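One structure below.
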Amino acid sequence: MSWVPVPQGCGFTVDNLPYGVFEPRRGGSGSGPRVGVAVGEHVLDLAAMWAGTPLGADLATGSLNRFLRRGPGEWAYVRREVRRMLTTDDRRGHCERNLHPLAEVELRLPVEVADYVDFYASEAHATNLGRMFRPGSEPLLPNWRHLPVGYHGRAGTVVPSGTTVRRPEGQRAAGDFGPSRKLDIEAEVGFVVGAPSALGTKVGTGDFAGHVFGVVLVNDWSARDIQAWEYQPLGPFLGKSFATSVSPWVVPLATLEHARVPGPAQSPEPLPYLAEKQPWHLDLELEIRLNGHPVSRPPFRDTYWSPAQMLAHLTVNGASLRTGDLYASGTVSGRAADQRGSLIELSWNGAEPVRLPDGSSRAFLQDGDTVTISATAPGPDGSRIGFGEVTGTVSG
Ligand code: MN
């Protein structure tokens, strides 16, 4: 138990300790963005706790990258120390002076994103889109069960939760240019790479936790009309690259031991480089709210490809990892209708609009709509680990 109060139902328990970058609203001496850890309704200023040390210098910056570059040994050391500080009276006075109420800080983008990759790892999602876009043919393309399909996205337009998303303009069809009429969301789980790898080497599934630091929630905003017209033969481009929102708190893999589960059965058996000895699938339960109203609860554990398999595939050709790389799962959809992770699936491309409590309905997003994705996962002793949320509002 921590001496910092953690309200009932709050997912930022002392077993969680997610990392973010914050700045006190009031400013003053020692202000500026720095790395902190959330506990209950507070954030502990880690830069202040390690002030005057090289580690403290790496924490007194506007992103987690310098801390992440230090590698898994240092991640474990800091986690152990923070937990000790929050559960014993050893440095309680010093801690109390460096705890800020979350209500009094601004949260920043936690990571300076190096490369951004998006996968397509949910079988239900890939099947739904295949049925909508290629009716009458096999919904999954022949490669889908053999490798985690993915594409390289745009790192520079990964934005922090709360950023307003402007409706993109583009080509909607031949000769038809204007604002997207099919603006959509994709509820995804993102993985933050901490430790780099050398060019020309592979990162095996067993090295997942040696490179990936933690997990964020991702909303991969998507303009379906622009996407549908542009995507063949090279894949998503401007229909995706205008904004990708991420949650402010990076939940360390070390938090998620109780959330580890085997993934779904895979057939055909994956090639040896995609085989997993220790399962690293994760039992995250996502929730999507549209203007405050829950519209879906996608289960991440049903995703066909695991995050360790995605990483192994991403590097099997010798592509190197950089600190700050972000790769996302692709839309997380379950088999049930109320588990779909995008509006195009929830409304079946507009044929079955989603009803909201105010009497309105949505096929796709309207200007002024706010979408919020949150998630929890099992923690120790029946507790729930919280991921916070990623939110964004659409403007015209
Ligand atoms: Mn996506």
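Quick caveat: nothing in here was measured; it's all calculated off a predicted structure.
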Side chain of [X], backbone of [Y]: donor and acceptor closer than 3.5 Å?
X    : Y    : value
Q227 : G239 : no
Q309 : L274 : yes
S180 : K182 : yes
N291 : T370 : yes
S361 : P353 : no
W144 : Y120 : yes
H281 : V261 : no
N16  : I385 : no
T331 : H125 : no
N98  : H94  : yes

Shortest non-hydrogen contact from [X] toward [Y]:
X    : Y    : value
G334 : A124 : O-CB, 3.4 Å
L64  : V111 : CD1-CG2, 4.2 Å
A126 : L140 : CB-CD2, 3.6 Å
D118 : D220 : OD2-OD2, 2.8 Å
A337 : L346 : O-CD2, 3.5 Å
Q171 : F177 : N-CD1, 3.9 Å

Quick one: do [X] and [Y] end up in the same hydrophobic cluster if we chain Ile, Leu, Val, Met, Phe, Trp and Tyr together by side-chain heavy atoms under 4.5 Å apart?
X    : Y    : answer
L109 : L59  : yes
F237 : V149 : no
W249 : Y327 : no
M49  : V250 : yes
L17  : F12  : no

Full working for side-chain hydrogen bond (donor to acceptor under 3.5 Å, both in side chains) between S222 and K240: CA-CA 5 Å; S222 299; K240 300 280 192 173; 2.8 Å; yes
Report the distance from atom [atom1] of [X] to atom [atom2] of [Y], rounding to the nearest 0.5 Å.
X    : Y    : atom1 : atom2 : result
N219 : L217 : CG    : CG    : 10.0 Å
W305 : S329 : CH2   : OG    : 14.5 Å
S63  : L68  : OG    : CG    : 7.5 Å
D367 : L183 : CG    : CG    : 8.5 Å
E287 : R297 : CD    : CZ    : 4.5 Å

Other residues, nucleotides and ligands only: do more than 12 of their heavy atoms fall within 6.0 Å of [atom1] on [X]?
X    : atom1 : value
R335 : CZ    : no
R167 : CZ    : yes
R166 : CZ    : no
E41  : CD    : no
E96  : CD    : yes
N317 : CG    : yes

Residue pair S306, E276: steps toward the side-chain hydrogen bond (donor to acceptor under 3.5 Å, both in side chains) verdict: CA-CA 9 Å; S306 82; E276 279 189 280; 2.8 Å; yes
salt_bridge(D90, R84) N-O dist < 4.0 Å: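 A salt bridge links D90 with R84.
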Ion pair check, D207 and K202, cut-off under 4.0 Å: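 Between K202 and D207 there is no salt bridge, as every charged N stays at least 4.0 Å from the carboxylate O atoms.
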Just by distance, with hydrogens left out, do [X] and [Y] show a side-chain donor and acceptor under 3.5 Å apart?
X    : Y    : value
W3   : T87  : no
R154 : S241 : no
Q339 : S333 : no
R289 : T391 : no
N65  : E112 : no
D358 : S360 : yes

side-chain contact (heavy atoms from CB on, under 4.5 Å) assessment of D369 paired with T393: CA-CA 6 Å; D369 281 348; T393 300; over 6 Å; no
Step-by-step side-chain contact (heavy atoms from CB on, under 4.5 Å) determination, V43 to V37: CA-CA 5 Å; V43 55; V37 157; 5.8 Å; no
Trace of the salt bridge (Lys or Arg N to Asp or Glu O under 4.0 Å) decision for R224 with E186: CA-CA 11 Å; R224 300 299 181 191; E186 295 193 331; 2.9 Å; yes
Under the salt bridge (Lys or Arg N to Asp or Glu O under 4.0 Å) test, residues paired with R181 that sit two or more places apart: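 So R181 forms a salt bridge (Lys or Arg N to Asp or Glu O under 4.0 Å) with D176.
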Worked check of side-chain contact (heavy atoms from CB on, under 4.5 Å) between R172 and W229: CA-CA 6 Å; R172 302 175 294 208; W229 171 235; over 6 Å; no
Cationic tip of R34 above F22 ring, under 6.0 Å, 45° of axis: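 Yes; both conditions hold, so R34 lies above the ring face of F22.
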Six-ring centre of W75, R70 cation under 6.0 angstrom, axis tolerance 45°: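 The answer is no, since R70 fails at least one limit relative to W75.
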Trace of the side-chain contact (heavy atoms from CB on, under 4.5 Å) decision for S320 with S197: CA-CA 5 Å; S320 50; S197 68; 4.3 Å; yes
Parallel, tilted or perpendicular: ring planes of H313 versus Y273, cut at 30 and 60 degrees: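 Plane angle under 30°, so parallel.
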Plane angle bin for F133 and Y231 - parallel if under 30°, tilted between 30 and 60°, otherwise perpendicular: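 The rings of Y231 and F133 sit tilted, inter-plane angle from 30° to 60°.
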Audit row: E23, R108, salt bridge (Lys or Arg N to Asp or Glu O under 4.0 Å) steps and yes/no: CA-CA 8 Å; E23 195 165 3; R108 306 284 185 230; 2.4 Å; yes
Centroid separation H152 to Y116 less than 6.0 Å: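 No: the rings miss the under 6.0 Å criterion.
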Salt bridge (Lys or Arg N to Asp or Glu O under 4.0 Å) between R97 and D45, intermediate numbers included: CA-CA 9 Å; R97 283 190 294 281; D45 181 344; over 6 Å; no
Residue pair Y19, F213: steps toward the ring pair (Phe, Tyr, Trp, His ring centres under 6.0 Å) verdict: CA-CA 10 Å; Y19 287 72; F213 171 73; 5.4 Å; yes
